[in-house]
Amino acid sequence: MTSYMLRRLIGSVIVMWAVATLVFFMLRLVPGDPIAAMLADAGGPDEIAAMKAQLGLDRSVFVQYGIWFANMFQGDLGNSIYGSRVPVSQIITEAFPRTISLSLLAFFIAMVIAVPAGILSATRRNTMTDNTVSLFAFLGLSMPDFWLAILLIIIFAANLQWLPAIGYTPIDESLWQWFRHLILPAIAIGTAFSAIIARMIRSSLLEVLNSDYMRTARSKGLTPRMLMFGHALPNAMIPVITVIGIAFALLISGAVVVENVFAIKGLGRVLIEGILNRDYPVVQGAVLVVSAIFVFSNLIVDLLYGLIDPRIRLN
Amino acid sequence: MTDTALAPSEPLPARQRSRFRATLAHDRKAQLGLIILAVFLLAGIFAPLLAPFDPNEMTFDMMGGLSWTHPLGTDDLGRDLFSRILYGTRVSLFIGISTVAIALVAGITLGLVAGYFGGWVDMVIMRYIDLQWAFPNFIIAVYLVAVFGTGLLNVIVAISLAFVDDFARIARSMTLSLREEQYVDAARTLGFSNLRTLFVHILPNAVAPIIVQATVSVSYAILGEASLSFLGLGVDANTPTWGLILADGRGFITQAWWLGVFPGVAIMLVVLSINFIGDWLRDALDVRQSF
């Protein structure tokens with residue numbers, strides 16, 4: 001188990017290094033001169049040269065790469081070149097908890113809906129309940145998250161005026177306000193995720209319920225509750241956990257889009273604004289942090305999987 | 001983003017076709033899906049004939065409600081929403097289909113080559129594919145648009161590249177399992193070239209999971225394009241696309257709800273119809289998919 005964990009950990013570090021390197025070199029391929037963008041086309045050749053020297057852009061690209069890497073390890077991701085020159089690390093530190101709390105709330109809501117829905121439709125296969133769950137799952141998979149966000153705003157913010165349409169309140173300021181601001185975006189993001197998980201639980205559970213050991217368990221005279229929660233569900237959840245890992249990525253990419261609808265300045269909004277403003281240091285920083293979230297959430301799921309299913313550890 | 005579980009499958013001769021028909025006859029959802037998709041395809045193709053107005057023509061009837069002249073109302077610049085959505089169909093379906101076609105060709109070639117030759121070729125290709133696999137397709141598309149910029153061609157490149165890993169992985173694992181089959185051995189013994197063995201003997205047998213993956217990918221590509229357009233990273237500000245119409249209308253949804261509703265209904269119907277069709281194909285082709 002230790003060697004498995006170690007291998008996965010090293011693999012993740014290598015992926016992060018590759019991503020950082022790709023990000024560094026790709027943004028240097030960007031058409032258009034970032035210096036010109038920074039000086040808003042107002043500087044002459046002298047200003048441009050001075051700016052390049054100040055930013056170290058007059059040195060070879062490999063020296064720049066080395067410096068950039070060294071700085072990154074000290075938490076220095078450069079400064080925003082758009083508007084006030086705020087350090088990128090500061091922007092990211094403010095945005096990070098917003099995206100994480102949004103994604104976690106979405107995850108929680110989605111699971112609370114998906115698990116009972118999946119169990120219900122597997123145990124009442126081909127009934128009205130099963131068909132209803134299936135219909136909602138199809139709709140959930142087919143609605144773009146940002147459109148669902150707009151619909152929720154039209155209904156609950158604009159018409160009923162129950163909830164705020166935009167903004168964010170930190171959880172340590174007011175738990176209630178935090179919840180009120182995040183519930184609509186969390187539903188918008190979590191719906192597709194919930195649909196995927198519910199479908200997955202259904203099909204995985206159906207397979208387990210038809211297996212030989214379930215027949216044995218039934219013939220031992222176990223109660224239906226014992227059968228479901230003691231035998232069927234734990235086994236059915238193993239493949240579901242892999243899917244949760246893959247689908248967690250959906251939550252984060254959902255957050256990237258939906259944050260923009262609700263004007264929540266999380267990583268997604270920082271990333272998209274950075275791209276629209278050609279604010280390369282910010283884009284670089286946001287890409288790195290968003291990537292790190294994927295790589296490490298994948299790692300956690302893999303390790304969890306190794307713990308739950310002994311077969312994985314052996315190879 | 002989907003992972004197709006792989007079992008070597010049957011090729012697609014005539015008896016397979018009758019299976020399509022037999023499963024379709026019982027599948028109401030698939031029938032509905034095919035009808036909806038056909039309607040949108042025709043609407044997209046004949047948009048210039050069907051649209052009552054030029055999609056970019058501004059009138060003084062701003063944010064006008066639903067009426068006989070403007071069945072879906074007008075936007076803040078007095079443009080006819082129905083005509084704009086009709087023209088948006090073209091962009092959506094064109095990008096959805098073209099990106100998946102490009103990703104399919106590129107991904108399958110990479111996967112076949114990696115799986116068939118093995119060794120360092122496989123190593124190099126798969127290390128890259130694994131790297132891409134660690135990220136959601138939509139995020140990759142956003143990163144690529146950040147590097148290359150917006151515009152029709154760049155959006156197509158970005159979305160296609162984002163899907164390459166899905167097809168490469170399927171094609172590779174199919175090739176690995178088929179490489180050991182006797183008929184592939186036979187082809188090699190007969191002295192057929194690698195290229196011929198790959199494309200004539202291996203590829204046709206890997207078709208079923210690829211068809212299913214391609215169908216699902218079209219729906220993700222359409223959602224991806226709509227999201228990019230919505231964020232201002234799409235085709236351009238003058239081409240009406242569903243995502244852009246929603247982005248433009250977002251500020252006015254309290255006064256004109258139709259601007260926030262109808263373009264989304266269009267996206268949902270198309271994606272839903274493709275999901276219905278994908279589900280049917282999965283049954284008909286007997287492909288097991290993890291989700």
Side-chain angles (χ1 to χ4, degrees), chain A residues 11-12 14-15 18-19 22-23 26-27 29-32 134-135 138-139 141-148 150-151 153-154 157-159 165 192 196-197 199-200 203 239-240 242-243 246-250 252-254 256-257 260-261 268 271-272 274-276 280 283 287 290-291 294-295 298, chain B residues 1-3 29 127-128 130-131 133-150 216 219 222-224 226-228 230-233 242-243 246-247 249-250 253-255 257 259-261 263-276 279 288-291:
Chain A
S12 301
I14 293 175
V15 168
V19 169
L22 266 178
V23 165
M26 278 183 96
L27 277 182
L29 295 175
V30 171
S134 159
L135 180 70
F138 265 114
L139 287 176
L141 277 178
S142 307
M143 274 195 274
D145 41 20
F146 60 90
W147 180 57
L148 184 55
I150 291 175
L151 291 185
I153 291 179
I154 293 180
N159 281 313
I196 290 173
I197 303 299
R199 277 169 61 121
M200 187 63 206
S203 65
V240 174
T242 349
V243 175
I246 300 169
F248 190 74
L250 264 185
I252 305 278
S253 28
V256 167
V257 181
N260 287 279
V261 184
L271 175 65
I272 303 299
I275 296 173
L276 294 175
Y280 300 116
V283 175
V287 167
V290 173
S291 304
F294 290 127
V295 172
N298 278 340
Chain B
M1 241 178 274
T2 48
D3 183 17
K29 288 198 294 257
R127 280 300 82 82
Y128 170 72
D130 284 345
L131 178 66
W133 186 254
F135 299 93
N137 292 337
F138 178 67
I139 295 293
I140 292 171
V142 169
Y143 291 179
L144 289 168
V145 172
V147 174
F148 297 119
T150 55
V216 180
S219 71
I222 289 174
L223 285 174
S227 302
L228 286 177
F230 180 74
L231 294 173
L233 305 176
W242 293 339
L246 277 171
R250 198 174 82 191
I253 47 176
T254 43
Q255 303 105 297
W257 57 268
L259 294 176
V261 173
V265 172
I267 304 175
M268 187 184 72
L269 284 176
V270 168
V271 174
L272 188 67
S273 67
I274 298 171
N275 282 336
F276 281 161
D279 235 38
R288 280 168 43 100
Q289 199 156 24
S290 61
F291 71 93

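Reminder, nothing fancy here: chain letters follow the sequence lines and each chain counts from 1.
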Which heavy atom in [X] sits nearest to a heavy atom in [Y], and how many Å separate them?
X: A/S142; Y: B/V271; result: CA-CG1, 3.6 Å
X: A/V261; Y: B/R250; result: CA-NH1, 4.1 Å
X: B/F138; Y: A/V257; result: CE2-CG2, 3.3 Å
X: B/L223; Y: A/L141; result: CD1-O, 4.1 Å

Can you tell which part of [X] gets under 4.5 Å to a heavy atom of chain A, answering side chain, backbone, both or neither?
X: B/L131; value: side chain
X: B/D130; value: neither
X: B/V265; value: both
X: B/L144; value: side chain

Where on [X] is there a heavy atom nearer than 4.5 Å to chain B: the side chain, the backbone, both, or neither?
X: A/I197; result: neither
X: A/N260; result: both
X: A/I14; result: neither
X: A/P239; result: neither
X: A/V23; result: neither
X: A/L148; result: neither

(message) For chain A, which candidate among B/G232, B/G260, B/S219 shows the most heavy-atom pairs at distances under 4.5 Å?
(response)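 Heavy-atom pairs under 4.5 Å are most numerous for B/G260.
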
(request) Evaluate the criterion side chain to side chain contact (heavy atoms under 4.5 Å, CB included) for residue pair B/F135 and A/V290; output intermediate values, then yes/no. (result) CA-CA 10 Å; B/F135 299 93; A/V290 173; over 6 Å; no

(message) Could you walk me through whether A/L276 and B/L233 satisfy the side chain to side chain contact (heavy atoms under 4.5 Å, CB included) test, starting with their C-alpha distance in whole Å, then the side-chain angles of each, then the deciding distance to 0.1 Å, before giving a yes or no?
(response) CA-CA 8 Å; A/L276 294 175; B/L233 305 176; 3.7 Å; yes

(request) Measure the acute angle between the ring planes of B/F230 and A/F146, then classify it against the limits of 30° and 60° as parallel, tilted or perpendicular. (result)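 B/F230 and A/F146: parallel rings.
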
(message) Closer than 3.5 angstrom, by distance alone: can the side chain of B/W257 be matched with the main-chain N or O of A/I154 as a donor-acceptor pair?
(response)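 Answer holds: no.
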
(request) Could you grab the distance from atom CG of B/L246 to atom CD1 of A/I150, nearest 0.5 Å is fine? (result)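 Result: 4.5 Å between the selected atoms.
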
(request) Starting from the C-alpha separation in whole Å, work towards a yes-or-no answer on side chain to side chain contact (heavy atoms under 4.5 Å, CB included) for B/L272 and A/F138. (result) CA-CA 7 Å; B/L272 188 67; A/F138 265 114; 3.8 Å; yes

(message) Can you tell me which of A/A158, A/A18, A/P144 forms the most heavy-atom pairs within a distance under 4.5 Å of chain B?
(response)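 Sorted descending by pairs with chain B, the first entry is A/P144.
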
(message) Could you work out, with side chain to side chain donor-acceptor pair (under 3.5 Å) as the rule, every residue matching A/S291, not counting sequence neighbours?
(response)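 Here the qualifying residues are B/Y143.
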
